[in-house]
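Scope of the values below: all heavy atoms of this structure, side chains included, with no hydrogens, waters or symmetry mates. Naming convention: chains lettered A, B, ... in sequence-line order (proteins, then strands); numbering from 1 in each chain.
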Amino acid sequence: MTHHEERQDRQRGLAFVVKSQLLTAEDVSRAMKRMAHEVIERNQGLDNVTVVGIQRGGVAIAEQLATLLGGIGQVAVPVAALDVTYYRDDIGEHPLKGASMTTLRDDLTNRTVVLVDDVLFTGRTIRAAFAALADWGRPTAVQLAVLVDRGHRELPIRPDFVGKNLPTALSESVRATLDGVWLGSGVAR
Amino acid sequence: MNLVIRGGTIVGPDTVFRADIRIESGVIVAVGEALSTANATIIDASGCWVGPAFVDIHTHLREPGREAAETIASGALAAAMGGFSAVVAMPNTEPALDNVPLVSYVLAQGAKTAIDVAVAGAITLGRKGESLAPLAELAALGVRLFTDDGTGVQNPLVMRRALEYAAPLGLRLAQHCEDEQLANGGVMNEGVLSAQLGLAGRSAVAEELMVQRDIALVRLTGGRVHFLHLSTATSLAMVTAARLEGLDVTCEVAPHHFVLSEEACRTFDPQFKVHPPLRPEADRAALHAALSTGAIDAVATDHAPHTPELKDLAFDEAPAGMLGLEHVAALTNEALGANPVAFFNLLSRGPARIAQLRASDARVGLSAHGGVIMVGEDANVVVFDPSQTWVGDRNALHSKATNTPYHGRPLVGRVRSTIVKGRLVVHEGVLQ
Amino acid sequence: MSIRGANLLTLDGMSREAILDVLDTAESFFEVNQRTIKKVPVLKGRVVASLFFEESTRTRLSFETAAKRLGADVVSLAVASSSVKKGESLRDTISTIDALGLDAVVLRHRSSGAALQVSRYVPHVRVVNAGDGQHQHPTQGLLDAFTVRQILAERHGVVASVSGSSLFEGLRVLIVGDIRHSRVARSDIAAYSALGAEVKVAAPGTLLPPSLEGWPVTVSSDFEEALAWADVVGLLRLQHERGTGSYVPSLSEFTSTFGLTATRVPLLKPDAIVMHPGPMNRGVEIDSDVADLPQSVITRQVANGVPVRMAVLYLSLAEKKEL
């Protein structure tokens with residue numbers, strides 16, 4: 001987050017305010033391990049898997065997932081960050097977010113992409129990610145892993161791997177990191 | 001038409017007093033208290049100054065040649081709205097006013113208007129600065145001022161010959177002082193701001209060099225020069241010194257030079273492009289301060305109409321010049337504060353003297369302007385309300401052009417009535 | 001003030017924060033330009049008109065490439081070669097183009113202030129100044145600063161986008177040549193000084209502006225000393241085709257006194273960065289061989305034009321205008 005955006009959030013009274021903690025770091029760690037096993041089971045191995053984390057919240061989770069996968073499968077699982085800012089469908093609706101770096105370099109054709117994000121909400125970020133991924137070739141399959149699914153989908157998108165399903169109110173927001181998951185209000189950047 | 005101007009403050013060359021005025025058959029027939037209003041249109045002048053109508057010695061009427069910007073008729077309407085009973089039409093028309101038929105044409109067109117239109121003739125043929133125009137022939141038509149305005153006479157030898165030729169004819173040469181070579185096509189004042197804006201500058205020295213040169217030529221020839229639109233403190237100081245020396249020099253300033261500074265160019269709005277250019281604040285302030293000291297003989301508009309097509313060009317491509325007739329009285333009033341004597345000296349008596357339009361001058365075909373309010377005088381009178389506030393509006397002008405830099409500017413003081421040769425041309429601020 | 005949702009007309013007076021906002025955003029577009037598919041749909045459906053009243057193939061292509069890589073539709077009018085001639089009202093031209101339904105105008109004009117004027121005629125359209133007369137060339141200033149920061153970040157092993165302005169602290173920048181007539185000089189000086197660099201200029205007296213009062217620069221009294229002093233040397237094009245050659249006795253005298261000649265190269269710091277906005281007058285302000293030295297980053301400047309202009313168009317156009 002740039003200074004510019006932080007200040008904008010503060011000015012608009014949108015800073016994230018915690019209401020309650022939903023998962024501890026330990027809970028998250030367990031959920032991550034379970035997801036890693038599910039990924040291996042689904043793909044019958046890791047040979048063609050590339051993990052792609054969506055900037056910004058999905059990147060750390062993707063890196064952890066790749067580490068777990070590598071540990072279990074005893075192979076190096078490629079992982080990269082993908083910024084989808086420039087593919088969103090709500091450009092101009094909100095103050096601009098500065099883009100983070102995309103580190104994805106390799107052609108994804110014939111790979112299985114495990115797309116990772118912290119929180120699945122309306123599905124619009126995932127739609128933007130699909131649009132972005134198309135610029136890196138034609139994967140065999142794209143699977144979606146999220147730490148938290150909080151519901152309220154606006155697009156027909158369903159995750160393949162979920163750390164935790166958390167029913168929330170629309171007005172609430174969720175911060176999901178490897179250190180834990182919190183419910184609150186404001187912008188959970 | 002009989003007129004009675006009632007309840008105003010009459011402004012003389014030195015003093016002011018309360019009186020009514022009665023006008024019959026183009027002449028002031030009575031000045032006094034509680035005059036009879038029988039058979040007369042009454043002009044309520046309470047709270048107003050009443051004095052000789054204004055005279056503009058620097059008006060570009062654009063006819064012939066650029067009638068899309070202004071005509072003699074439209075310019076005369078604008079002048080009347082501005083409180084003027086006479087204007088001097090500048091000769092930089094297309095073609096230039098350098099011969100008898102053209103000057104006669106402008107005088108004839110002027111005679112059809114409600115005001116008096118005098119003509120300034122070109123000093124040189126085609127304003128090319130090379131050979132003299134027929135000054136004596138034009139003088140016979142009543143031309144008293146000569147100028148190549150738009151530019152100055154660049155060649156010092158030509159200017160010397162012109163002064164030598166004009167002096168015995170009793171004529172005055174009006175000079176636009178800018179050395180074109182040194183000005184080098186600049187489009188605004190040269191200095192800190194022009195450097196920052198990347199606009200080519202016109203150095204103040206380009207003006208001051210020619211002022212200095214012409215003072216020297218007046219000293220040499222015994223001629224008379226009127227310095228048009230002085231824009232720098234240094235120029236004014238040189239002219240003041242020359243006057244103290246006894247040389248026959250006069251000078252004017254244009255309202256934009258004491259109202260606006262070069263800062264206005266920061267907007268790159270070509271409405272603020274003018275030659276000489278708007279100067280730094282220190283020069284503006286110096287000219288402003290000098291208005292009430294007597295160092296300046298006249299405020300003259302340099303009313304320079306241009307069509308919107310031309311003024312919508314980029315700053316460096318747009319023509320120089322701005323309108324002035326309809327706003328100059330308010331701007332001068334604002335600048336002077338409550339100083340009615342200086343106000344009428346600068347806008348009427350001073351310019352009428354320079355243009356030789358007073359009752360005591362040997363005039364041809366025109367009425368007397370810039371006089372005093374007394375019985376027997378030609379009734380060229382203006383009623384000016386010094387406290388009325390209004391806002392400059394380019395869409396409310398009577399000029400054909402709209403290139404005023406004062407659009408949206410709050411103004412203080414407005415012409416209520418203009419009476420020319422006894423005719424009520426503007427009444428209650430409305431053209432009749 | 002930020003350029004987000006706003007016009008980009010000048011760098012004069014632009015804050016450090018606003019400049020960094022562009023440079024940081026440009027880093028993400030620099031990455032986009034490294035991809036196989038160098039295009040993102042962020043300005044899909046927007047119409048960007050590139051109006052070049054003065055020919056500049058390089059700048060026009062750079063802007064148009066930037067707009068296309070953002071997914072915008074580009075309406076291109078090389079006015080210099082069209083029927084629009086000197087003297088046509090700027091307002092008329094813009095109104096005609098505006099009828100096409102524009103979101104942005106990229107304007108190059110031979111007259112100082114033209115971009116500001118156009119922004120008044122079409123207040124609903126974002127105007128990006130691609131060079132106006134001798135006034136400003138803001139994207140050139142931004143891409144020069146971007147290039148310098150990128151090179152320094154590489155040398156120091158830091159990430160440019162998180163380095164802020166730190167790499168400019170104490171940086172010595174020398175700008176050489178026709179400062180007087182150069183919009184690039186005006187934009188470069190504004191950008192470098194806002195970012196914290198120390199700027200010196202070197203030029204013959206006639207090619208300095210009539211006043212440098214208020215400029216955040218010092219004037220070099222000894223060009224060769226200044227060359228040894230500088231971390232960055234920015235050369236300017238001597239526009240002798242516009243008659244500026246007459247400001248100096250001869251081109252060869254200019255070269256012998258203020259040219260970056262092969263004999264002067266040893267004076268440079270070994271890691272000095274040599275820049276030129278192009279097109280170069282090889283043999284006038286720069287020796288042919290010098291332009292191809294490793295210190296010279298001229299082709300890198302050209303390449304960086306695209307991501308920087310993408311950042312400018314994105315920030316200016318994608319953010320809703322706060323009216």
Return the [atom1] to [atom2] distance between [X] and [Y], rounded to the nearest 0.5 Å.
| X | Y | atom1 | atom2 | result |
| --- | --- | --- | --- | --- |
| B/Asp312 | C/Ile94 | CG | CD1 | 11.5 Å |
| C/Asp12 | B/Arg266 | CG | CZ | 8.0 Å |
| B/Phe268 | C/Leu9 | CZ | CG | 10.0 Å |
| B/Asp316 | C/Gln134 | CG | CD | 8.5 Å |
| C/Leu212 | B/Gln196 | CG | CD | 11.5 Å |

Next on the checklist: Taking CZ in B/Arg394 as the centre, count heavy atoms belonging to other residues, nucleotides or ligands within less than 6.0 Å. Is the count above 12?
Outcome noted: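 Result for CZ/B/Arg394: open.
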Checklist entry - How about B/Lys128: does its NZ atom have over 12 heavy atoms from other parts shown lying under 6.0 Å from it? => result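 No, the 6.0 Å shell around NZ holds no more than 12 heavy atoms from other groups.
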Checklist entry - Taking it one step at a time, do B/Glu309 and C/Arg91 satisfy salt bridge (charged side-chain N to carboxylate O under 4.0 Å, His left out)? => result CA-CA 8 Å; B/Glu309 295 78 61; C/Arg91 188 196 295 265; over 6 Å; no
Checklist entry - Contact part of C/Gln117 toward chain B, heavy-atom cut-off under 4.5 Å: side chain, backbone, both or neither? => result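 The answer is the side chain of C/Gln117.
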Next on the checklist: I'd like to verify something: which residue of B/Ala314, B/Pro308, B/Ala318 has the highest number of heavy-atom pairs under 4.5 Å with chain C?
Outcome noted: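 It is B/Ala314.
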Next on the checklist: Out of B/Leu199, B/Asp269, B/Val187, B/Leu197, return the one with the most heavy atom pairs under 4.5 angstrom to chain C.
Outcome noted: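 When all of B/Leu199, B/Asp269, B/Val187, B/Leu197 are compared, B/Leu197 has the most.
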Checklist entry - Any idea which heavy atoms bring C/Glu213 and B/Val192 closest together, and the distance? => result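 Shortest heavy-atom contact: O-CG1, 3.4 Å.
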Checklist entry - Would you find a donor on one side and an acceptor on the other, under 3.5 Å apart, between the side chain of C/Arg186 and the backbone of B/Ala195? => result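 Such a contact is found between C/Arg186 side chain and B/Ala195 backbone.
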Checklist entry - Under 3.5 Å, side chain of C/Arg120 to main-chain N/O of B/Thr267, donor-acceptor pair present? => result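 Yes, because the side chain of C/Arg120 sits within donor-acceptor range (under 3.5 Å) of the backbone of B/Thr267.
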Checklist entry - Name the one of C/Ser211, C/Pro210, C/Ser112 that satisfies side chain to side chain contact (heavy atoms under 4.5 Å, CB included) with B/Ser194? => result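 In the set C/Ser211, C/Pro210, C/Ser112, the residue that makes a side chain to side chain contact (heavy atoms under 4.5 Å, CB included) with B/Ser194 is C/Pro210.
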